[in-house]
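Here the structure comes first, spelled out in structure tokens, and everything after it is commentary.
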Amino acid sequence: MNVFQAYKSKITDVLGTLGLPDGMDFSRVTVEPPRDASHGDMATNAAMVLAKQAGQNPRQLGEAICEKLKASNDVKEASVAGPGFVNFRLSDSAWADVVRDILQSGTAYGQSDLGKGIKVNIEYVSANPTGPMHAGHVRGAVIGDVLAGLMAKAGYDVTREYYFNDAGAQVDVLARTTHLRYREALGESIEIPEGMYPGEYLKDVGNSLADRDGDKWVGKDEAEWIDPVRTFAVDYLIEEIKKDLALIGIKHDVFTNEREIVENGTLADSFKKLEDLGLIYQGTLPPPKGKEMSDWEPVELTLFRSSNFGDSTDRPLKKRDGTWAYIMPDIAYHYDKVHRGFDILINCLGKDHGGYLERMRPAVKAFSNKAQLDVIFNGIVKILKNGEPVKLSKRSGNLITLREMVEEVGAGAVRFFMLARTPDSELEFDFTKAVEQSKDNPVFYVQYAHARCHSVLRNAKEALPDLDTSEKALVAADLSVLKTDDDLALVRVLANWPRVVEAAAEAREPHRISTYLQEVAAAFHSFWSKGRDDDSLRFIMPDNKPLSLARLALVQAMATVIASGLGVMGVEPVEEM
RNA sequence: GUCUCCGUAGCUCAGCUGGAUAGAGCACCGGUUUCCUAAACCGGGUGUCGCAGGUUCAAGUCCUGCCGGAGACGCCA
């Protein structure tokens, strides 16, 4: 249950009883927590938004809303402030209901039906199988995975997908390098020429191929071995990638590859579809602007009228030699996704793929007037150790692998840090900070709050042996005794979780979960410390069992929300540290 | 040249998709442990929210233009 949603419909009901003109537009009415808690528990802009339509002044309309609200049992007080905000406070029992709802829902609290019936495909990672996962892949992987979890929690029907290219020139290079490593495994002395993959990891692939096939592919023409070697290398590396991803808890529902798209006829179908729509023609493009191209010459090509759909230019689908240009398989792949019935397609890509959306969106629009394509671009990650940048160089094969990151700092910290900032910003990942046990480390800070909650619950059993503190007893407790500002401050933070889930899902900004959890942790640590000075603000009070029980319920709710948030982020909550 | 994103405190960044007096952390100064984890908390902020217009009851948030930064723009993948 989202209390803000609940009170929004209450406000709507109230508005209905005020004798306002028919057919008013309530869509801009919001019910939110005010920025400053001293204003009240909730605030609505209804009076200001509707004043003009209703032909009343905002404060007058606000007063009318207040009167009606006050008549309700769950509203303690209501007043008009500033230009016409209606601020109101909930009764203690209304807040008690929120806590009880959290306890009853468990970590399912925060779920929403916002995306009910909407099919979403989130494509992320999608690294080509040419090597192990490394630091450069991790951020997009985590963002995609958490976005998937987030949207699932917001009620969307989510498919997690991985697309890889196993048919281009890049993969042929992989096959040739693998063949060299294979010969090496059989005792030849080899050298990896410029332009091939220098990484040591291909030795394993070569060894493995030698184990399976012996000298079967030695001394043969490339034409004979390239297909089987390519397939072998791709299969091997995809399995390695899956293992790497599993280390940070990422598992895709669907893997799709380019070869499949070509071989099962999807590519041909999608091209025919574009032809049928009259979007294919033979023509000549003007030279690309803003870039010197000495070798450019006009030539007639098979073009897609992508400019009909907002692209800045039409795009060639075939090269001058008649083979498919690289975007054609991608277009076909999106055609396939549209046909699988997705309403929303989301791709998580690095910022260096900047032009991708502009090129792919026209195709999606051509295939469907319903499906919507979004791309989340993530900025680069700078890897630091002790504040010093660590160089990432793919060429030399000297790169930080995902495996190393997880081994050094743990999966939870890797995931949490990757969500520390808005996706498109640059991000620093400091190995030293990620393992630091201090407030400076957000993972630690949030985990510590969760562990402290459980510590309280454990201690309560000993300190209050004759009190039933089982989950059942907590749910049944009289929670209306939670009425100090400090208690309610915690409840208010917890009540926000469903809003955060919805807003973050809609904005496609998984990092908001991380920001929110830090708020929750701060609120908890703060309350905790107050108990040191003021005995009446402790959780466990042998002299006041009813309040203790209610406070324990609050602590349980706190732990639940943190666990729920960490769950969305794919981080395992710890109960002790 | 065109397009996208960014510009908020000394530093790193949030800012709930238009709300009230713009917030955290770091750094700096000071305080808090006979007591549920001090791995924490509390107090200390004179910010042209890049600049200039516009939209509105209300703009850091939306629109236009400019300045500054990053990235993307080939029949390459």
Side-chain angles (χ1 to χ4, degrees), chain A residues 28 30 32-36 39 43 45 47-49 51-52 57-58 81-85 87 128 165 168-171 285 287-291 293 295-296 299 301-302 311-313 315-321 323-327 330 350-359 375 377 379-380 420-422 424-426 428 436-442 444-445 447-449 451-452 454-460 462-463 496 499-500 502-504 506-507 509 511-512 514-516 518-519 521-522 524-533 535 538-541 548 551-552 555 576-577:
Chain A
R28 291 174 59 221
T30 60
E32 297 177 314
R35 204 165 266 180
D36 185 342
H39 290 142
N45 61 356
M48 290 178 291
V49 171
K52 209 174 245 181
N57 90 47
F85 285 102
N87 294 324
N128 288 338
N165 187 322
Q170 221 187 89
V171 190
L285 289 173
K289 288 173 184 163
K291 219 178 181 182
M293 280 188 58
D295 58 341
W296 189 89
V299 61
L301 295 164
T302 301
D311 201 348
S312 56
T313 176
R315 302 286 173 180
L317 298 185
K318 285 182 183 174
K319 297 188 246 183
R320 71 176 63 177
D321 65 6
T323 60
W324 296 114
Y326 77 96
I327 64 166
D330 278 7
K351 244 184 170 177
D352 51 332
H353 293 80
Y356 189 81
L357 183 59
E358 187 194 8
R359 295 195 296 271
V375 176
F377 293 107
I380 58 169
R421 306 255 177 280
T422 155
D424 54 22
S425 67
E426 256 186 33
E428 287 186 353
E436 201 170 284
Q437 307 231 319
S438 83
K439 204 180 172 182
D440 200 15
N441 178 345
F444 171 77
Y445 189 67
Q447 289 284 28
Y448 183 37
R452 262 185 159 176
H454 280 274
S455 171
V456 170
L457 295 168
R458 282 190 301 267
N459 283 320
E462 307 222 345
N496 253 327
R499 295 182 71 229
V500 171
E502 291 191 353
E506 277 194 298
E509 290 187 349
H511 76 285
R512 290 192 196 180
S514 153
T515 310
Y516 170 74
Q518 291 178 66
E519 253 175 64
F524 181 74
H525 288 310
S526 175
F527 188 101
W528 174 284
S529 301
K530 282 183 180 155
R532 297 193 159 275
D533 298 332
D535 284 345
R538 296 174 72 77
F539 297 110
I540 300 169
M541 292 173 293
S548 295
R551 288 254 167 88
L552 291 171
V555 170
E576 212 168 345
M577 48 199 305

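Protein chains get the first letters and strands the later ones, always in sequence-line order, with residue 1 at the start of each.
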Next item on the list: Starting at the 5' end of nucleotides 14-19 of chain B, put B wherever the base has a protein heavy atom under 4.0 Å, S where only the sugar-phosphate does, and a dash everywhere else.
Entry: SSBB-B

Notebook entry, point to check: Can you tell me if A:D424 uses its side chain to pair, donor with acceptor, with the backbone of A:F377 under 3.5 Å?
Noted result: no

Checklist line | Whole-angstrom distance between B:rU33 and B:rA39, as gauged at atom P | finding: 14 Å

Next item on the list: Take atom NZ of A:K351 and atom P of B:rC73, then tell me their distance rounded to the nearest Å.
Entry: 14 Å

Checklist line | Separation of the P atoms in B:rU2 and B:rA9, to the nearest angstrom | finding: 30 Å

Note to self: Measure NZ/A:K318 against P/B:rC76 and give the value in whole Å, please.
What the structure shows: 14 Å

Next item on the list: Flag the pair A:R499 and A:E32 as a salt bridge only when some basic side-chain nitrogen lies within less than 4.0 angstrom of an acidic carboxylate oxygen.
Entry: yes

Checklist line | Pair assignment for B:rG74, Watson-Crick or G-U wobble, requiring both distances under 3.5 Å | finding: none

Next item on the list: Give the rounded distance in Å between these two atoms: CG of A:D311 and P of B:rC73.
Entry: 13 Å

Check: If you look at every strand shown and take non-hydrogen atoms under 4.0 Å, does A:L317 touch a base, only sugar-phosphate, or nothing?
Finding: nothing

Check: If you measure from the ring centre of A:H353 to the centre of the six-membered ring in the base of B:rA72, is it under 5.5 Å, with the planes under 30° apart?
Finding: no

Notebook entry, point to check: Between atom CZ in A:F539 and atom P in B:rU37, what is the gap in whole Å?
Noted result: 11 Å

Margin query: Closest approach to the side chain of A:F444, judged atom by atom: which nucleotide of B:rA20, B:rC36, B:rA40 is it?
Written below: B:rA40

Item checked: Interatomic distance at P, B:rA20 relative to B:rC16, whole Å -> 11 Å

Margin query: I want to confirm an ordering. Mapping A:N87 and A:V299 to their closest nucleotides on RNA chain B, which one lands closer to the 5' end?
Written below: A:N87

Next item on the list: Mind checking A:S526 for me? I need base, sugar-phosphate or nothing, with any heavy atom below 4.0 Å counting as a touch.
Entry: sugar-phosphate

Margin query: Base, sugar-phosphate or nothing for A:A504? Non-hydrogen atoms, less than 4.0 Å.
Written below: nothing

Next item on the list: Would you kindly give the NE2-to-C1' distance between A:H39 and B:rA20, to the nearest whole Å?
Entry: 5 Å

Check: On a whole-Å scale, what distance lies between the C1' atoms belonging to B:rC73 and B:rC66?
Finding: 23 Å

Note to self: Quick one, A:F444 and A:M577 - any side-chain contact, counting heavy atoms below 4.5 Å?
What the structure shows: yes

Note to self: Quiz question: by atom type and distance under 3.5 Å, do the side chains of A:S312 and A:E358 form a donor-acceptor pair?
What the structure shows: yes

Item checked: Any strand: nucleotide that pairs with B:rG47 via Watson-Crick or wobble, under 3.5 Å -> none

Next item on the list: State the pairing partner of B:rA24; accept Watson-Crick or G-U wobble contacts with both distances under 3.5 Å, and report none otherwise.
Entry: B:rU12

Next item on the list: Counting heavy atoms from C-beta on, name the nucleotide in B:rC36, B:rC41, B:rC75 closest to the side chain of A:H525.
Entry: B:rC41

Next item on the list: Name the closest nucleotide to the A:K52 side chain, picking from B:rC57, B:rC76, B:rA20.
Entry: B:rC57

Item checked: Length of the CZ-P vector between A:R315 and B:rC75, whole Å -> 7 Å

Checklist line | Spacing of A:E428 atom CD and A:R421 atom CZ [to the nearest 0.5 Å] | finding: 8.0 Å

Item checked: Side chain of A:A81 (C-beta onward), nearest among B:rC75, B:rC35, B:rA20 -> B:rA20

Checklist line | Heavy-atom pair with the smallest gap, counting every atom of A:L301 and A:P316 | finding: CD1-CB, 4.1 Å

Notebook entry, point to check: Phosphate oxygens OP1/OP2 of B:rC41: is one of them under 4.0 Å from a side-chain N or O of A:Y445?
Noted result: yes

Item checked: d(CZ, A:R320; P, B:rC76) in whole Å -> 11 Å

Notebook entry, point to check: For the residue pair A:Q518 and A:Y445, what are the closest heavy atoms and their distance?
Noted result: O-CE2, 3.8 Å

Note to self: Suppose we call a contact any N or O donor and acceptor under 3.5 Å apart; does that hold for the side chain of A:R458 and the base of B:rC36?
What the structure shows: no

Check: Does any N or O donor sit under 3.5 Å from an N or O acceptor when you compare the side chain of A:N441 with the base of B:rA39?
Finding: no

Notebook entry, point to check: With rounding to whole Å, what would you report as the distance between B:rG60 and B:rG19 at their P atoms?
Noted result: 10 Å

Notebook entry, point to check: With both distances under 3.5 angstrom, what nucleotide forms a Watson-Crick or G-U wobble pair with B:rG53?
Noted result: B:rC63

Check: When we call it a touch if two heavy atoms are under 4.0 Å apart, what does A:G82 touch: a base, just sugar-phosphate, or nothing?
Finding: nothing

Check: Is there a Watson-Crick or G-U wobble partner for B:rU17 with both distances under 3.5 Å, and which nucleotide is it?
Finding: none

Next item on the list: Could you work out the separation of B:rU12 and B:rU21 based on their P atoms and round it to a whole Å?
Entry: 29 Å

Next item on the list: For A:M541, answer base if it contacts any base atom (sugar-phosphate contacts may also be present), sugar-phosphate if it contacts only those atoms, and nothing otherwise; contact means non-hydrogen atoms under 4.0 Å.
Entry: nothing

Next item on the list: Quick one: sort the A:Y356 and A:H353 rings into parallel, tilted or perpendicular, breaks at 30° and 60°.
Entry: perpendicular

Next item on the list: Provide the Watson-Crick or G-U wobble partner of B:rU34, both distances under 3.5 Å; none if there is no partner.
Entry: none

Next item on the list: Check for a donor-acceptor pair, side chain of A:S548 on one end and backbone N or O of A:M541 on the other, with a separation under 3.5 Å.
Entry: yes

Checklist line | Phosphate contact (B:rG25 OP1 or OP2) by A:K439 side-chain N/O below 4.0 Å | finding: yes

Notebook entry, point to check: Does A:W324 have A:K319 sitting over its ring (NZ/CZ under 6.0 Å from centre, angle to axis within 45°)?
Noted result: no

Next item on the list: Compare every heavy atom of A:N87 with every heavy atom of A:H39, then report the nearest pair and how far apart it is.
Entry: O-CB, 3.2 Å

Note to self: For the C1' atoms, the ones on B:rG7 and on B:rG50, what distance do you get once it is rounded to whole angstrom?
What the structure shows: 6 Å

Next item on the list: Name the residue closer to the 5' end of RNA chain B, choosing between A:A460 and A:D36 according to the nucleotide with the nearest heavy atom.
Entry: A:D36

Check: Can you check the A:N128 CG to B:rC76 C1' distance for me, whole Å?
Finding: 14 Å

Margin query: Please classify B:rU21 as syn or anti, treating any glycosidic angle within 90° of 0 as syn.
Written below: anti

Item checked: P spacing across the pair B:rG68 / B:rC28, given as an integer number of angstrom -> 36 Å

